[in-house]
Number of protein chains: 2
Amino acid sequence: MERKRAKSGEIRLTEVAKLAGVSPITASRFFRNPQALSLSKRERVASAAKELGYVPNLAARALASQRTEVIGVLIPSLTNNVFSDVLRGIYDASEGSRYSIQLANTRYSILQEEQLLRLFQAQKPAGLIVTGIDQTAESRAVMEAMNCPIAQIMEIGPDPVDMMVGFSHYDAAFAAVSHLVEQGFKRIGFVGAQMDPRMQRRFGGYRDAMKAASLFAPRLIVTTPVPTSITLGGSVFSDLLSKAPDIDAVCCGNDDLALGVLFECQRRHLSVPEDMAIVGFNDLEFMASAVPPLTSVRTNRYEMGRSAVTMVTAAIEGNRPPQPVLDLGFQLMIRESSSPRHN
Amino acid sequence: MERKRAKSGEIRLTEVAKLAGVSPITASRFFRNPQALSLSKRERVASAAKELGYVPNLAARALASQRTEVIGVLIPSLTNNVFSDVLRGIYDASEGSRYSIQLANTRYSILQEEQLLRLFQAQKPAGLIVTGIDQTAESRAVMEAMNCPIAQIMEIGPDPVDMMVGFSHYDAAFAAVSHLVEQGFKRIGFVGAQMDPRMQRRFGGYRDAMKAASLFAPRLIVTTPVPTSITLGGSVFSDLLSKAPDIDAVCCGNDDLALGVLFECQRRHLSVPEDMAIVGFNDLEFMASAVPPLTSVRTNRYEMGRSAVTMVTAAIEGNRPPQPVLDLGFQLMIRESSSPRHN
DNA sequence: CAATCTTGTGGTAGCGCTGTCAACAGTTGT
DNA sequence: ACAACTGTTGACAGCGCTACCACAAGATTG
């Protein structure tokens, strides 16, 4: 009957309140809304907390207040540079807010995503950011049950779960290929890897731009489900060359592949763009400093992360953005690797 | 007097227990240690939980049990590829365990690190992984107060807070430079950026290897605190060339710089390694596929992440590894970019 | 056959904090 | 002078779960 359970031994709010000579609830308010206290009490609580080294117990706070200040983030890969830029935007934006980020990695698996969503559900996050628009029905159900603002990022499409920030991968790839067509290239190959939904939509843009120019041919295409890498770029390009040795340009599903293609061209003594034009996708940092500089489609990844956090936090606080879908667009960065054919 | 506070409306454990015809505590046990229940009750609880769509409340669990199943991770950058490999190891290892990862980004600031540590402290994580060995005294105090297993990663050094997994950046850089010396290079430059503690220790390895060969000269060195990038590699190398046009090799503080140096050599029509040898640090994926392939020091980053999680989780469960410091070493990957001088 | 151990189950009492409401000044208006 | 405010404070109960203990029922022993 004495003490059924060992106290944690840590300083509790009650202790701080006692030392400060106020009630626990007043001390509690000090940590959440200091300006509601009179100046004198505010100082007393502050110094008491400091003296005791008080650290609030977040679990207790979450339980009592029935909410958390965590935004869950689901991304498919930590290795892919594309997502590290998005994450940087997310973390940067979260630092200006009261919310902290909880990150999870789906590894491009929609089943893994489903599981992680359930895990998040148990944490009752204040908001959620998920990658892409291709969740399972089950995942969508969980998201709807979570009853918190949700932003889907990286892409835009019809039927958002809640909000969306992204751009059209289809349009962007269409623009890149149309550029090559305009420059006078005729036999434009496509290399793709890690055929996730976004890569597939980019392929769709390539396909339709080629068809629109009456240049489409299946032999010009090499794709693989293998995770993308620079080295892989070299090998898929080699495959492409053996299927279609007469190609004069390559549209790469992303920049890693493009750099791999450039290296392979160097190895084969093919000059770029005279013998082979190259365009990439995403405009990672190295595209501009490669030799020759590589044409790519710039995507606003950092901004995407920032906006997603901004929209979600605003929604949490009741200020939903007027339109739920934000298209951040893209810019075609034309560089030497796609200079016009000079014949 | 009726209902002071609105119930959350969600299904609680009590509801599940009622439907299953067991006591709440039995239902609770089902979720934590199912094999402690008889088969019949186990099934009854399982189906009741499923039927009601029960989602446990993690905050309540954490409060009642006085612990969490979260491992906090502090890293200095999300953009740097080096850390994405470490993170991949961390996330991979955590998936095999019951623990989930909470990631925070210090942006190479030890003050930011201090703040984030305090934030973690409020969450009472089960374990902690921090980058490097250069924490402030204040940070160390917080870590010690946290009273949970802690792994410092990326480096090893004396006086671990608790455990360590890493390797000696000094030794690795020393080995890389000694290799260049052995190959017959005499005027070996150093380019460094983002002069964080690890970069500085690498520089120390360069300096001492050069001194050991009586080749050290301050004019061979260019460093900048600017965050590292491939483009920056080109510009620091240009600076180096204007200070010391006669250099025959460059030791790069990391691989991004090395690739930038390679591109700059291509731009200046310097052939590698005939006119300029290059070695990098970390052995990122692109080093082997560059033209020519670039020599680098392979560091076991993925393994570092995995081991850190393994050690921390083992320690949480009471099986501390016998020796607290794990040196994962490094391998010098000798490639064409450092082929011997042929004079 | 009683004495012991094991296994499964339930009752009780919190974990540390905050929502809700009430109360009590101190101020202002009429 | 009294009512009607505003700003600040406190009492109370409870958020949903689990630690702790107790105890019943079966298994094992001498």
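The figures that follow rest on heavy atoms only: side chains count, while hydrogens, waters and symmetry mates do not. The chains referred to below are lettered A, B, ... by the order of the sequence lines, with proteins before strands, and numbering in each begins at 1.
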Non-neighbouring partners of [X] that pass side chain to side chain donor-acceptor pair (under 3.5 Å), sequence neighbours left out:
X	result
B/E155	B/R198, B/R201
B/E51	none
A/T136	A/E114, A/S139

Run the side-chain contact (heavy atoms from CB on, under 4.5 Å) test against [X] and tell me which residues pass, sequence neighbours left out.
X	result
B/D327	B/I156, B/F167
B/N33	B/Q35, B/A36
B/L116	B/L74, B/A104, B/T106, B/Q112

Distance check needed: [N] [atom2] versus [X] [atom1], whole Å only.
X	N	atom1	atom2	result
B/E10	D/dC17	CD	P	10 Å
B/E69	D/dC17	CD	P	15 Å
A/I11	C/dC17	CD1	C1'	16 Å
B/N57	C/dG16	CG	P	17 Å
B/Q66	D/dC17	CD	C1'	12 Å
B/L58	D/dC15	CG	C1'	15 Å
B/R12	D/dC15	CZ	P	7 Å
B/E15	D/dC17	CD	C1'	13 Å

I want to check something: taking the side chain as every heavy atom from C-beta on, are B/P149 and B/M311 in contact at a cut-off of under 4.5 Å?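 Contact flag for B/P149/B/M311 side chains = no.
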
Side chain to side chain, A/L87 and A/I75, heavy atoms closer than 4.5 Å: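 Yes. Closest side-chain heavy atoms under 4.5 Å.
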
Have a look at A/R67 and say if it touches a base, only the backbone sugar-phosphate, or nothing, with a 4.0 Å heavy-atom cut-off.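 The answer is sugar-phosphate, as A/R67 gets under 4.0 Å only of primed atoms, P, OP1 or OP2.
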
N/O donor to acceptor pairs below 3.5 angstrom from side-chain atoms of residues 317-326 of chain A, sequence neighbours left out:
{"unit_1": "A/E317", "atom_1": "OE2", "unit_2": "A/Y99", "atom_2": "OH", "d": "2.7"}
{"unit_1": "A/R320", "atom_1": "NH1", "unit_2": "A/D162", "atom_2": "OD1", "d": "2.9"}
{"unit_1": "A/R320", "atom_1": "NH2", "unit_2": "A/D162", "atom_2": "OD2", "d": "3.3"}

Residue pairs fulfilling salt bridge (Lys or Arg N to Asp or Glu O under 4.0 Å) with at least one residue in residues 68-87 of chain B, sequence neighbours excluded: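 Pairs touching residues 68-87 of chain B that pass the test: B/E69-B/R98, B/D85-B/R88, B/D85-B/R301.
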
Going by the salt bridge (Lys or Arg N to Asp or Glu O under 4.0 Å) test, which pairs reach into residues 14-29 of chain A, not counting sequence neighbours?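 Listed by first then second residue: A/R12-A/E15.
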
Shortest side-chain distance from A/A60, nucleotide among C/dG16, D/dC17, C/dT18: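 Of C/dG16, D/dC17, C/dT18, C/dG16 is nearest to the side chain of A/A60.
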
Close approaches to DNA chain D from residues 45-56 of chain B, in residue order (heavy atom, under 4.0 Å):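 Residues of residues 45-56 of chain B that come under 4.0 Å of DNA chain D are, in numerical order, B/Y54, B/P56.
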
Heavy atoms within less than 4.0 Å of DNA chain D: which residues of residues 21-33 of chain B have one? Give them sorted by number.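 Residues of residues 21-33 of chain B under 4.0 Å from DNA chain D: B/I25, B/S28, B/R32.
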
Looking at A/R61, I'd like to know whether one of its side-chain N or O atoms comes within less than 4.0 Å of OP1 or OP2 on D/dC15.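 For D/dC15, OP1/OP2 do not have a side-chain N/O of A/R61 under 4.0 Å.
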
For nucleotides 6-8 of chain C, list the nitrogen or oxygen atoms of the protein found under 3.5 Å from its nitrogen or oxygen atoms, one pair per line.
none

